[in-house]
> 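This is the structure, below, for whatever I ask next.
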Amino acid sequence: MAFPATRMRRLRRTPVLRDLVRETRLAAGDLVMPLFVEEGTAAPTPIEAMPGVARLPVDAAVVEAGEVAALGIPAVLLFGIPAAKDDEGSGAWDDDGIVQQAIRAIRAAHPDLLVIADLCLCEYTSHGHCGVLHGQTVDNDATLDLLARTAVSQARAGADIIAPSDMMDGRVGVIRAALDADGYTDVPILAYSAKFASAFYGPFREAADSTPSFGDRRSYQMDPGNGREAVREALSDVQEGADMIMVKPALPYLDVIRRVADATDLPVAAYNVSGEYAMVKAAAAAGWLDERAAVLEALTSIRRAGADIVITYHAKDAARWLQRTP
Ligand code: PBG
C-alpha cells in the first residue's frame, strides 16, 4: 500500500506513540564505564583531552565505582597505570599490581558490580607496545605466555570478566587454557576481536600513558579499511573460546558491528572510544552540539548497529539522562 493509504508520520505523532514503536532502546543496563586507576598518587589527575574523566587512585576508583553501580550501570572496565614500567610489562601480572589492587578493593566494596579487567601490556611496557619486542617487532608468540599470566593474576584478584585488547593472534585460546588450568573455568573472556589501528585512541594514550615510543600499532591492530577481516577475527576468537566479542572503535565502525553481530550468536560489545568522547565534549563545550541529545543518539545508534553492550565514558551521564523522562 502506498500513499495516501500509507502515512509513515501516523506513528510519529506523539511521544507515547513514538516510544511504543521504537525498535532500539538504550538503558543504563547496556552500558559499561571504563576507569583509569593510577598507582602512587593520592588525588585524581584530570585527563585534559577527556573532560570529566580522570586517572584515579584506588580509593577514588572505589567511590567512582559506587556511583556507577548506583546509577544502574552493571560493569566497570579497569585500566591500570603502574608506577614503574619495564621491557616486558611485568607490572601487568604482579598480584599486587595496580589493577589487581583495584579489582580487590572494588569487589570488596561493591560486590554486585561486575569488574572487567582490560588485559594488555601497553600500559606496563616501557616502550608502550602491546607485547614483548624482538628487535623492532612485537613478538606474537612470546607475548602469549605473559598475557596468560596476567589473565590468571586478574582472575585471582577477583575479576569477573577478562578482556584482552592486545590483538595478538591466538591469545584467546591461550588465556582460556590458562584460566581453566588454574580453576577459573567460570571466568568469561570478552575478546577485543576487531580492534582497529585507530586515530581515535589518541586521548586514551594520554590517559593511560601508553603511546608507543616508536612506530605504531598497525602490525597488530586491524586496518581501518577491512570489514570482512573483522568477521574472520571475530569467528576465530569464537573458535578459541571467547564468550563475548568486541568491535572497537564504535561510531566509525557501525557497519563492522552489524557484520559481526550478524555473523555470530555471541553477545557483542562495542567500545565508544576516547576520541569519540573527546569530539562530542569539545563540540558541546564550544556550544556547537547539544551534548545530551548527541550522546543519547550516538549510543542508541551503536545499539541499533547490533551492539548488546556499549562501553563508553559517557556511561554515567547517559544513565542519569535515561532516568528522567524526556
Ligand atoms: C590497550 C587499549 C587501548 C584502548 C583500550 N585498550 C589503546 C590502544 O590500543 O592504543 C583505547 C581506548 C580508548 O581510546 O578509549 N591496548
Side-chain angles (χ1 to χ4, degrees), residues 31-37 47-55 75-82 85 89 91-92 98-99 116-125 127-133 138 140 143 146-147 150-151 154 159 161-169 171-172 175 189-224 233 245-253 269-282 295 298-299 302 307 309-315:
L31 307 177
V32 173
M33 177 75 182
L35 298 182
F36 298 100
V37 192
I47 300 158
E48 205 184 325
M50 301 175 72
V53 181
R55 299 176 177 201
V76 289
L77 171 64
L78 297 187
F79 294 94
I81 301 126
K85 306 187 186 219
I98 180 62
V99 154
I116 308 175
D118 180 90
L119 166 49
C120 194
L121 300 179
C122 66
E123 301 109 76
Y124 302 89
T125 53
H127 46 75
H129 278 290
C130 302
V132 285
L133 293 181
V138 174
N140 190 88
T143 301
L146 308 184
L147 295 172
T150 305
Q154 292 173 336
I161 299 171
I162 306 294
S165 67
D166 53 282
M167 288 301 279
M168 296 302 120
D169 287 319
R171 91 274 209 215
V172 172
I175 290 166
I189 296 174
L190 164 58
Y192 286 70
S193 301
K195 178 174 178 183
F196 290 85
S198 174
F200 293 95
Y201 305 151
F204 173 95
R205 293 185 187 167
E206 174 204 332
D209 190 20
S210 64
T211 308
S213 59
F214 67 90
D216 53 45
R217 303 206 201 291
R218 281 185 279 191
S219 76
Y220 39 105
Q221 298 181 346
M222 284 187 58
D223 189 283
E233 279 281 9
I245 49 189
M246 195 195 298
V247 175
K248 176 186 174 185
L251 292 175
Y253 297 89
Y271 199 141
N272 178 231
V273 302
S274 57
E276 300 174 54
Y277 177 83
M279 287 194 297
V280 173
K281 294 301 271 192
V295 167
L299 299 182
I302 296 166
I309 302 159
V310 184
I311 302 168
T312 177
Y313 305 97
H314 298 292

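Order of listing sets the numbers, starting from 1, for every ligand and every atom in it.
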> With a 6.0 Å cut-off on ring centres, are His314 and Tyr277 close enough?
yes
> Please answer whether the main-chain N or O of Glu123 pairs with a side-chain N or O of Ser210 as donor and acceptor at a distance below 3.5 Å.
no
> Between Phe79 and Tyr271, how do the two ring planes meet: parallel, tilted or perpendicular, split at 30° and 60°?
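Judged by the thresholds at 30° and 60°, the geometry between Phe79 and Tyr271 is tilted.
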> I'd like to know if the side chain of Tyr313 reaches the main chain of Pro51, judged simply by a donor and an acceptor atom lying under 3.5 Å from each other, with no hydrogens or angles considered.
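No: the side chain of Tyr313 does not pair with the backbone of Pro51.
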> By ring-ring contact (aromatic ring centres under 6.0 Å, His included), which residues pair with Phe200, not counting sequence neighbours?
none
> Do the non-hydrogen side-chain atoms of Ile47 and Pro203 ever get within less than 4.5 Å of each other?
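Answer no - side chains too far apart.
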> Show me a pair-per-line table, with atom names and distances to 0.1 Å, of protein N or O atoms that are under 3.5 Å from an N or O of ligand 1.
| from | atom 1 | to | atom 2 | distance (Å) |
| --- | --- | --- | --- | --- |
| ligand 1 | 6 (N) | Lys248 | NZ | 3.2 |
| ligand 1 | 9 (O) | Lys195 | NZ | 2.7 |
| ligand 1 | 9 (O) | Gln221 | NE2 | 2.8 |
| ligand 1 | 10 (O) | Arg205 | NE | 2.7 |
| ligand 1 | 10 (O) | Arg205 | NH2 | 2.7 |
| ligand 1 | 10 (O) | Arg217 | NE | 2.9 |
| ligand 1 | 10 (O) | Arg217 | NH2 | 3.4 |
| ligand 1 | 14 (O) | Ser274 | N | 3.3 |
| ligand 1 | 14 (O) | Ser274 | OG | 2.7 |
| ligand 1 | 15 (O) | Ser274 | N | 2.7 |
| ligand 1 | 15 (O) | Tyr313 | OH | 2.6 |
| ligand 1 | 16 (N) | Lys195 | NZ | 2.8 |

